[in-house]
Participant: 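Can you keep this structure in mind? I'll have questions shortly.
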Amino acid sequence: MNKIKKILIANRGEIAIRVMRTCRELDIETVAIYSEADRTSLHVRYAHEAYYVGKAPSSESYLNIEKILEVAKSCNADAIHPGSGFLSENAEFAKRCKEEGIIFIGPSPEVIVQMGDKIQAREAMTAAGIPIVPGTDGEIETEEEVLKVIDEIGLPIMIKASAGGGGKGMRLVKDHSEVVSAVRAARSEAKSSFGNDAVYIEKYITSPHHIEFQIMADQHGNVVHLFERECSVQRRHQKMIEETPSPLMTQELRDEMGKSAVEAAKAVNYYGAGTIEFLVDNDLNYYFLEMNTRLQVEHPITERVTGIDLVKQQIFVAEGQELAFKQEDLHQRGHSIECRVYAEDPDNNFMPSAGKVYKISAPLGLGVRTDGYVYEGYEIPIYYDPMISKLIVWGKTRDEAIARMRRALYEYKITGVKTSIKMLERVMNNENFISGDYDTHFIEKNQEQLFSKNTSDDSNDMVIIAAFIDYLDKIGSTDSVSKEFVPAQSRWKKIPYVNHF
Amino acid sequence: MNKIKKILIANRGEIAIRVMRTCRELDIETVAIYSEADRTSLHVRYAHEAYYVGKAPSSESYLNIEKILEVAKSCNADAIHPGSGFLSENAEFAKRCKEEGIIFIGPSPEVIVQMGDKIQAREAMTAAGIPIVPGTDGEIETEEEVLKVIDEIGLPIMIKASAGGGGKGMRLVKDHSEVVSAVRAARSEAKSSFGNDAVYIEKYITSPHHIEFQIMADQHGNVVHLFERECSVQRRHQKMIEETPSPLMTQELRDEMGKSAVEAAKAVNYYGAGTIEFLVDNDLNYYFLEMNTRLQVEHPITERVTGIDLVKQQIFVAEGQELAFKQEDLHQRGHSIECRVYAEDPDNNFMPSAGKVYKISAPLGLGVRTDGYVYEGYEIPIYYDPMISKLIVWGKTRDEAIARMRRALYEYKITGVKTSIKMLERVMNNENFISGDYDTHFIEKNQEQLFSKNTSDDSNDMVIIAAFIDYLDKIGSTDSVSKEFVPAQSRWKKIPYVNHF
Amino acid sequence: MAVEIKLGDRVAWVNLLSQEGNILEVEVDGKIYNVDLMHTADGTFSILNGGHSYNIELVPDAEAKKYTAYTLYDTFDVEVIDAEARYLKNRNANGAGPSDNKISSPMPGKVVNVLVNEGDEVKEGDTVVIISAMKMESEYKAPKDGTVKKVHVKAEDTVDSNQVLIELD
Amino acid sequence: MAVEIKLGDRVAWVNLLSQEGNILEVEVDGKIYNVDLMHTADGTFSILNGGHSYNIELVPDAEAKKYTAYTLYDTFDVEVIDAEARYLKNRNANGAGPSDNKISSPMPGKVVNVLVNEGDEVKEGDTVVIISAMKMESEYKAPKDGTVKKVHVKAEDTVDSNQVLIELD
């Protein structure tokens, strides 16, 4: 067995920090890599070592396989953890790691190829007897092909990147007229996100629930599932809120889908952490959607209800250890919800909002976990994902978890950039969400409530008073500013302009 | 049943915030009170409403019963939560609340009198058949009395405040020559902390373990315990680190002591949250030490392993609800540790260190809870307790919890004031602590390791370089400082003094 | 000293009537408030109004006298309009007209493609520039029919927020 | 430009040899480092030295050129001794002697009791002042035998850190 002593984390942002935290708990040395835009990013400061790998665009840095391997070898890293996104589902990278004698913390290159290509994945699942969503058998190339498929399975359809994930390179087509621009957009995003512009088509299921199962498998043929995650609250086909258990789930369905998920993993000789994504319709029919051969952004809710550190298990599996638990040792205890905080403007079609973070107050206290990476004064780069943190709560019941999330979102303040925090708070107050009655159309169905603003006249008047005082303060005290050394930190003061009226 | 809609929190600091968090989760309005020193303290900003109650010394503000009641009535609070410390074990306050028709969230005034007076408490426990530590039957007044008791039970002895708690008004006497100053000091601290200078004597048990049981009881006679907390890591007789389960505990002893704790509570018709403190010697004999008729500082570790929000339960019990769980519904799951972070200097006899907090980085991520109240720029007042936050971790096993605490302490950075963080980190690396082999003398027995400093020459040279650059930066850029508006926030920059060489 | 303050679409008239330490008597649109106000140099405000606790964060804009304000409920654009600001506004009003001839980027990003050249005729709704930020591409469209007067950016350029991309005639 | 820097008990000689952007060549006591250094205006430093990542926080003291430095392992008092500082130190050395005639409070607190009067004789180890901070009382003792020259505080006074309480002769 190879005891891992030093891990290079081939990623950035909150997921890099997440992985490094577990490494520190295991006394494993951590190596960060960074692009030109990330010299002062938190993962560089958190790691034991940090090395520059290229220019800001990820194609020149975080996707630069040879440069990353060169760094790993020169600093004697035993293993590479790819995080999620970037190279985490890149079979070539996994293969090159193997060739260079570096442990890739993830599944085998062969299974990444097989499951990473959504078309091959559908074939494998069909062979294993897992239900799949109707769609194309392979990649589509022309508009005519699309129209032909539409004739067969009907509208609406989804155009999806063959190499995709995370909502990138994905377009919904409800009408024939949208085909051209949807294919162009999906291909272009697929190309820039994954370096591969192949796309395919799936039937679009109306009122679908996106429910996925967490899988953990070792290299000795042991496979368990760690129950489901309900991920139906999405915007732009990207997850926004996840919870476990799913309010839609029954114990029978859980057992059946869990068994399917384990079989799916066994069918492809999977090892490591993985996720089987399903679509579930209102009649509780489920279809295999895709398999993610990496750690998911939403993995913390599973960690919270099962008590298992998934990154630690990934490392153990990569070392060749056997899983220390069996299916019957695993239990879902209580309820966990994750809200993703994006630097974006919910009131303006969720437009990304890069820029400098002015102040942060992170929520703390009972049942709250925050996984983030931005800090006060940090300039969020335009080059990477707009997710800045994840807020995870636990409660004994779903109601307690929702109330706690509401409280945590109330406490969470990030200024300087626009974020999704207030919008997430409105979801926690939405009666359909509270009753557990939602599907992937939740946001559009509830937009009236979700995009309305609470206002209070008194509160507005207080803002006016604050701005007024700040203004008086600045015009009144400019003379004295340069006289004394003012440490750059917050400092309460009595109003100082009293002499200036 | 009285549904509580608004609670006044008669406290400050982290415990006030802790209580308000649960109130927010229950949709209960919160009212803060503050002294002259606390206008900008976080609890004032966190609450829905906040009212001034007096000058900085607690006797004029947080202990000012009539003023607090006046505020509670004028803002229509249904209930008062006393937090811990201050009036939380003041029977007069509980009685006055009742008279004014305000619910006191805590036990009855009668039981506070009985258990709050350590001498009466010892009598009650003896009557209920719970073993107690040998000592005086009542208050002692003169030096001669002390010497007489020493003749009977031998040295060493403990002098303790009759109204005490939290290590205040407590002195160890190992030698006859120490009697005079110990009595003077204990009385003086007791007077200023509790307004009552009565003290009594207990035999001092060598190699004792301080283990306490959490009790929860409703007003209908239902009493459960929520298992033990091991609190033997202490400095100046004040707890520093707590964990549950206790590494000393056996399942038999847990059952027996738990049963004793429940009986003790029943013997005095207790309701609300409470703690029975025991001393346990190396042979696993246990003695009743005292009962705390309030929420303990260390309650979060119990919350973490049982999943029960203790403040929520306190509120439900105060409303008259029955406990929603029975003894058999409660389980200890995994392991939880709390470290108290004090503003003090461990290298200088734990001398308190008030002053202004410069920067804070709070630990986040998997299995970490922080309950604090200070923020960047906050001036820690000299008038109150030096505890600034509590760091609570959970792990599936004790080893995982220790590793996680070590990681969390590594991440925790507070500058501007001296804190116990580095010292706590050394405890997490101490082999006796790691093996679970410690008693209340842990710190003195391990002082060589606990007070030694790790140093690294390279690291020291980096500090020298940093100071050098800061110096160059300041002398090089003073001309330009007043020209532009610099927001008071952190801001990375390229070194700007290049033109000044 | 009284000024006007713009909060979103509202313009309020505000005046300080009296002050004793951090206790202020302030008039906002004729309504009188007695507040206990504390603030930090970098814009964190704690205001107690009749016991109610308000937390406000003011983030200064690059432009003086403008802020983004964050409250419990919402985020606002705030602007203080004093005599100087009023003078400048009036002067500008006599000069160039409203700027809906300009297409600006609301946030920082990178230009993927510019679809028009100077002199091109465009129709309202035509996509003129595609900008990518944080892996998302946004299409910027002409706000009205017109002729492209000036193109300020080209593919691969990095743009700041509020930077003008295209001017129409 | 070379200066001396005092770190705890150590005095190091430090010199900047060359600079390119944030890449510095620095000599510390004859050892040459090539570091990549970034810092904020308020004293957060990120230094990469041969790939190793060091995080240092400098908190400026009230006195110029003095800092408290926080590293992963420890906290240090740091002082930059440049030509000016050396001049001042030398001048002071010629004036009043070392200040162990003074009893100061190491931290803020409140005076509980002053046990001596001006003119009193005290012996080394005698308690002269009791100060309370955060509910803990500390006794301050005479550092040597002597006569009380001046008493600067009385009971109930609030004292700052490093404030002189008593002077002996």
Side-chain angles (χ1 to χ4, degrees), chain A residues 17-18 21-27 39-40 46 300 303-304 307-312 333-334 356-359 361-372 375-379 389 392 394-396 400 403-404 406-408 410-411 416 474 481-483 485-492, chain B residues 17-18 21-27 39-40 46 300 303-304 307-312 333-334 356-359 361-372 375-379 389 392 394-396 400 403-404 406-408 410-411 416 474 481-483 485-492:
Chain A
I17 308 277
R18 162 69 192 90
R21 285 194 161 115
T22 287
C23 292
R24 283 213 179 255
E25 293 179 14
L26 289 171
D27 267 327
R39 169 61 184 85
T40 58
Y46 195 95
E303 295 185 324
R304 192 54 178 84
I308 306 278
D309 177 340
L310 289 171
V311 174
K312 188 183 276 193
R333 303 219 193 271
K356 195 187 282 290
V357 175
Y358 193 72
K359 286 193 196 164
S361 303
L364 302 172
L366 178 60
V368 176
R369 165 179 174 185
T370 316
D371 273 48
Y375 53 86
E376 295 185 0
Y378 179 68
E379 175 105 32
S389 81
I392 302 105
W394 178 90
K396 223 174 160 56
E400 187 173 74
R404 189 157 290 155
R406 208 181 285 136
R407 186 270 291 175
Y410 161 77
E411 289 182 18
K474 286 210 178 95
V481 161
S482 58
K483 282 181 194 152
F485 173 66
V486 181
Q489 58 164 317
S490 89
R491 185 177 266 221
W492 294 97
Chain B
I17 308 277
R18 163 69 191 91
R21 285 195 161 116
T22 287
C23 291
R24 284 212 179 253
E25 293 179 14
L26 289 171
D27 268 327
R39 168 63 183 84
T40 58
Y46 195 94
E303 295 186 321
R304 192 53 178 84
I308 305 277
D309 177 340
L310 289 170
V311 172
K312 188 182 276 191
R333 302 220 193 270
K356 194 187 281 291
V357 175
Y358 192 73
K359 286 193 197 166
S361 303
L364 302 172
L366 179 59
V368 175
R369 166 179 174 186
T370 316
D371 273 48
Y375 54 86
E376 294 186 2
Y378 180 68
E379 176 105 31
S389 80
I392 302 104
W394 178 89
K396 222 175 160 57
E400 186 174 75
R404 190 157 289 155
R406 206 180 288 138
R407 185 271 290 176
Y410 161 77
E411 289 182 17
K474 287 213 178 90
V481 161
S482 56
K483 283 181 194 153
F485 173 66
V486 181
Q489 58 165 316
S490 88
R491 185 177 267 220
W492 295 97

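Every chain is numbered from 1, with letters handed out A, B, ... down the list of sequences.
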Participant: Minimum heavy-atom separation for A:Arg406 to B:Asp27, with atom names?
Facilitator: NH1-OD2, 4.3 Å

Participant: What pairs with B:Lys312 under salt bridge (charged side-chain N to carboxylate O under 4.0 Å, His left out), at least two apart in sequence or on another chain?
Facilitator: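 With neighbours one apart ignored, the set is A:Glu400.
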
Participant: Out of curiosity, B:Ile392 CD1 to A:Leu366 CG, how far, rounded to the nearest 0.5 Å?
Facilitator: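 B:Ile392 atom CD1 to A:Leu366 atom CG measures 9.0 Å (nearest 0.5 Å).
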
Participant: I'd like to check the salt bridge (charged side-chain N to carboxylate O under 4.0 Å, His left out) partners of A:Arg39; sequence neighbours left out, ordered by chain and number.
Facilitator: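 With neighbours one apart ignored, the set is D:Asp36.
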
Participant: Which answer fits A:Asp309, side chain, backbone, both or neither, if we ask what part of it has an atom under 4.5 Å from a heavy atom of chain B?
Facilitator: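 Contact with chain B involves both backbone and side-chain atoms of A:Asp309.
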
Participant: For B:Glu379, is it the side chain, the backbone, both or neither that has a heavy atom under 4.5 Å from a heavy atom of chain A?
Facilitator: neither

Participant: Under a 4.5 Å cutoff for heavy-atom pairs, which residue among B:Lys396, B:Arg18, B:Arg24 has the most contacts with chain A?
Facilitator: B:Arg24

Participant: Please determine, among B:Thr22, B:Ile17, B:Asp371, the option with the most heavy-atom pairs under 4.5 Å with chain A.
Facilitator: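 Greatest number of close heavy-atom pairs with chain A: B:Asp371.
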
Participant: Taking side chain as everything from C-beta outward and backbone as N, CA, C, O, which of these in A:Tyr46 sits under 4.5 Å from a heavy atom of chain B? Side chain, backbone, both or neither.
Facilitator: both

Participant: To the closest 0.5 Å, what do you measure between SG (B:Cys23) and CZ (A:Arg407)?
Facilitator: 11.5 Å

Participant: Does any heavy atom of chain A fall under 4.5 Å from the side chain of B:Arg21, the backbone, both, or neither of them?
Facilitator: both

Participant: Using non-hydrogen atoms and a 4.5 Å limit, figure out which bit of B:Arg404 sits close to chain A: side chain, backbone, both or neither.
Facilitator: both

Participant: For B:Glu25 versus A:Ala403, what's the shortest heavy-atom pair and its separation?
Facilitator: O-CB, 3.3 Å

